[in-house]
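Contents: one structure, followed by commentary.
Atoms considered below: every heavy atom in the structure, side chains included; atoms not considered: hydrogens, waters and symmetry mates.
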Amino acid sequence: MLVIQGGRVLDPTRGIDQVTDVVIDGGQIARVGPAGDDLRPGAGDRVVDAKGTWVVPGLVDLHVHFREPGHEYKEDIASGLGAAAAGGFTSVCAMPNTSPVNDTRAITEMMCARAREARGTRLYPIAAITRGCKGAELTEMGDLKDAGAIGVSDDGLCVMNAAVMRRALEYAASFDLLVSQHCEDHNLTAGAQMHEGEISTRLGLTGWPRSGEDVIVARDLILAADAGARYHVAHISSARSVELVRAAKDRGLKVTAEVTPHHLMLTHAKLLGYDTACKVNPPLREARDRDALRAALADGTIDCIATDHAPHSELEKDCEFAAAAPGMIGLETTIPVLLELVREEMLTPLRFVEALSSAPARIAKIPGGSLAAGGPADVTVIDPDARWTLRADRVHSRSANTPFLDTEVQGAIRMTLVDGRVVYEA
Ligand code: DOR
């Protein structure tokens with residue numbers, strides 16, 4: 001038995017926000033509430049003093065890039081899961097843009113097997129929509145689901161052909177697979193290095209206009225409605241896309257959306273020094289987009305936060321801006337960077353925890369995201385007050401490409417449990 005004693009327990013699935021204990025037994029949540037006579041810890045049981053911390057359902061990430069197979073020097077499944085545990089994540093969904101692409105049963109099964117060997121954070125593959133993510137031929141979605149995939153996406157690339165996307169939505173719906181779209185009209189973003197606006201003009205870099213995202217969101221919402229598919233907007237970044245999602249939800253569509261920590265916290269102004277750590281797809285946009293994303297996250301139009309953890313080595317980042325690979329790591333920066341939104345009262349603690357656990361678990365239809373008795377003991381203990389400085393040598397990920405390095409942050413992961421087993425402890 002393990003008792004996490006005296007923390008502020010936050011469980012959005014049941015509206016619990018209360019200082020109490022969480023009792024874990026046999027890998028499951030036994031109780032949220034004081035360990036009474038029937039559940040008294042004995043010799044050999046562990047009691048964790050959680051005073052001053054938040055005890056929450058293990059965090060769930062719908063969007064990570066682990067680079068296995070193919071580019072293990074950036075991240076492999078074991079190192080990625082280690083970074084996830086250190087960041088408080090107990091379940092992550094891994095995108096298919098590996099090399100080769102995860103478009104077959106064999107690769108999906110390999111990824112699941114590697115994760116089982118690692119015995120840490122749970123991994124759920126999101127397999128490709130099209131073979132090789134080339135946008136033409138659909139994958140064998142039934143096979144992929146059977147092998148462990150919880151959804152499909154060509155993330156990194158958009159399914160540009162509307163006829164292919166229409167068939168993909170219909171096919172995925174027949175297997176109840178989530179379809180996560182990287183919304184980018186590649187014709188509108190040809191050569192783009194950053195958000196199109198005043199700063200791209202000043203820097204002389206080709207810009208990605210908001211419309212490059214918005215036209216795909218608008219098109220897909222029409223196609224998804226007809227197909228009755230579970231459609232999900234990955235890494236939403238533009239104010240107008242938010243409006244499209246809001247209107248679709250008002251009409252009762254089964255659409256969901258995620259936003260990244262960097263789109264909530266940074267703008268294109270960060271690019272003024274040509275910092276390749278801030279080069280990301282979709283690009284960091286303007287303050288009014290960031291503010292719309294924050295408001296939409298608070299009111300539930302955007303369902304959840306996903307990291308888009310995209311590790312790249314110095315080789316791909318320490319170079320001229322145009323040659324740099326897009327993406328930044330996110331698993332270990334999410335909690336320390338985003339707690340500011342709670343301190344600023346942009347998000348309540350319960351909504352914050354929901355957006356990082358219950359909501360993504362519900363969207364992916366995977367276990368977790370709740371501290372209900374009888375459920376798996378996937379639990380994260382957060383110290384919301386700890387101040388520290390993010391440094392490359394403290395990062396568990398194999399890559400340290402993040403613009404948040406060397407900044408002082410407030411909030412740290414104390415402990416991460418999967419099935420009641422400690423997979424990370426500070
Ligand atoms: O910045 C990004 N990096 N956006 C993507 O969509 C893909 C990702 C990657 O795989 O590096």
Side-chain angles (χ1 to χ4, degrees), residues 1-11 13 20-33 35 39-51 53-62 64 66 68 75-94 111-125 148 150 307 309 331-332 334-335 353 356-358 360-361 364 366-383 394-397 412-426:
M1 189 190 299
L2 185 135
V3 181
I4 304 175
Q5 203 165 52
R8 178 176 178 183
V9 179
L10 294 151
D11 182 355
T13 60
T20 187
D21 304 339
V22 174
V23 184
I24 292 164
D25 201 13
Q28 296 185 332
I29 305 286
R31 170 179 301 167
V32 171
L39 283 175
R40 196 172 291 285
D45 291 335
R46 183 170 176 199
V47 179
V48 174
D49 177 7
K51 243 183 265 93
T53 71
W54 290 5
V55 182
V56 308
L59 310 184
V60 176
D61 192 350
L62 286 180
V64 302
F66 293 164
E68 181 177 358
E75 193 86 285
D76 62 20
I77 289 170
S79 69
L81 292 175
F89 289 89
T90 53
S91 291
V92 297
C93 302
M111 290 168 78
C112 294
R114 281 272 192 286
R116 273 195 303 276
E117 282 162 26
R119 295 193 79 239
T121 291
R122 306 171 198 276
L123 179 137
Y124 297 93
I150 56 95
T307 66
H309 176 81
L331 287 165
E332 295 168 81
T334 295
I335 288 294
V353 172
L356 280 162
S357 64
S358 324
I366 57 178
S370 168
L371 296 175
D378 290 6
V379 183
T380 302
V381 182
I382 299 169
D383 180 343
R394 298 186 73 162
V395 169
H396 294 75
S397 170
I413 303 302
R414 274 269 303 272
M415 192 181 242
T416 309
L417 297 132
V418 173
D419 273 336
R421 267 180 311 110
V422 177
V423 296
Y424 173 79
E425 187 163 5

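- When the side chain to side chain contact (heavy atoms under 4.5 Å, CB included) test is applied to A78, the partners found at least two apart in sequence or on another chain are D76.
- Contact annotation: the side chain of T334 approaches that of L356 to within less than 4.5 Å [non-hydrogen atoms, C-beta and beyond].
- Rounded to the nearest 0.5 Å, atoms CZ (R46) and CD1 (I4) are 9.0 Å apart.
- Looking at D45, its side chain never comes within 3.5 Å of a backbone N or O of L2 through a donor-acceptor pair.
- Between T121 and Y424, every side-chain heavy-atom pair lies at or beyond the 4.5 Å cut-off.
- Listed here is the closest heavy atom pair of I150 and C93: CD1-SG, 3.9 Å.
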Considering only distance and modelled atom types, tabulate donor-acceptor pairs under 3.5 Å from the side chains of residues 412-422, sequence neighbours left out.
residue: R414; atom: NH2; partner: D49; partner atom: O; Å: 3.0
residue: T416; atom: OG1; partner: A85; partner atom: O; Å: 2.7
residue: D419; atom: OD1; partner: R122; partner atom: NH2; Å: 2.8
residue: R421; atom: NH1; partner: R119; partner atom: O; Å: 2.8

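- Here the closest non-hydrogen pair linking V60 and A361 is CG1-N, 4.0 Å.
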Identify every side-chain donor-acceptor pair in residues 366-373 under 3.5 Å, counting partners at least two apart or on other chains, and give the distances.
residue: S370; atom: OG; partner: T13; partner atom: OG1; Å: 3.1
residue: S370; atom: OG; partner: A372; partner atom: N; Å: 3.0

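- Checked against side chain to side chain donor-acceptor pair (under 3.5 Å), T307 has the following partners two or more places apart in sequence or in another chain: D61.
- By the side chain to side chain donor-acceptor pair (under 3.5 Å) test, E75 pairs with S79, H309, S397, sequence neighbours left out.
- When every heavy atom of G120 is checked against every heavy atom of V423, the shortest pair comes out as CA-CG1, 3.7 Å.
- A distance of 5.0 Å separates CD1 of I24 from CD1 of I29, quoted to the nearest 0.5 Å.
- Every side chain to side chain contact (heavy atoms under 4.5 Å, CB included) that R114 has, sequence neighbours left out, goes to E68, I77, M110, E117.
- With rounding to the nearest 0.5 angstrom, the OG1 atom of T380 is 8.5 Å from the CZ atom of F89.
- Of all heavy-atom pairs between L59 and S357, the closest is CA-CB, 4.2 Å.
- In terms of heavy atoms, D11 sits closest to P57 at OD1-CG, 4.2 Å.
- The shortest non-hydrogen separation linking A83 to H396 is CA-CB, 3.9 Å.
- Between S91 atom OG and D378 atom CG the span is 5.5 Å, to the nearest 0.5 Å.
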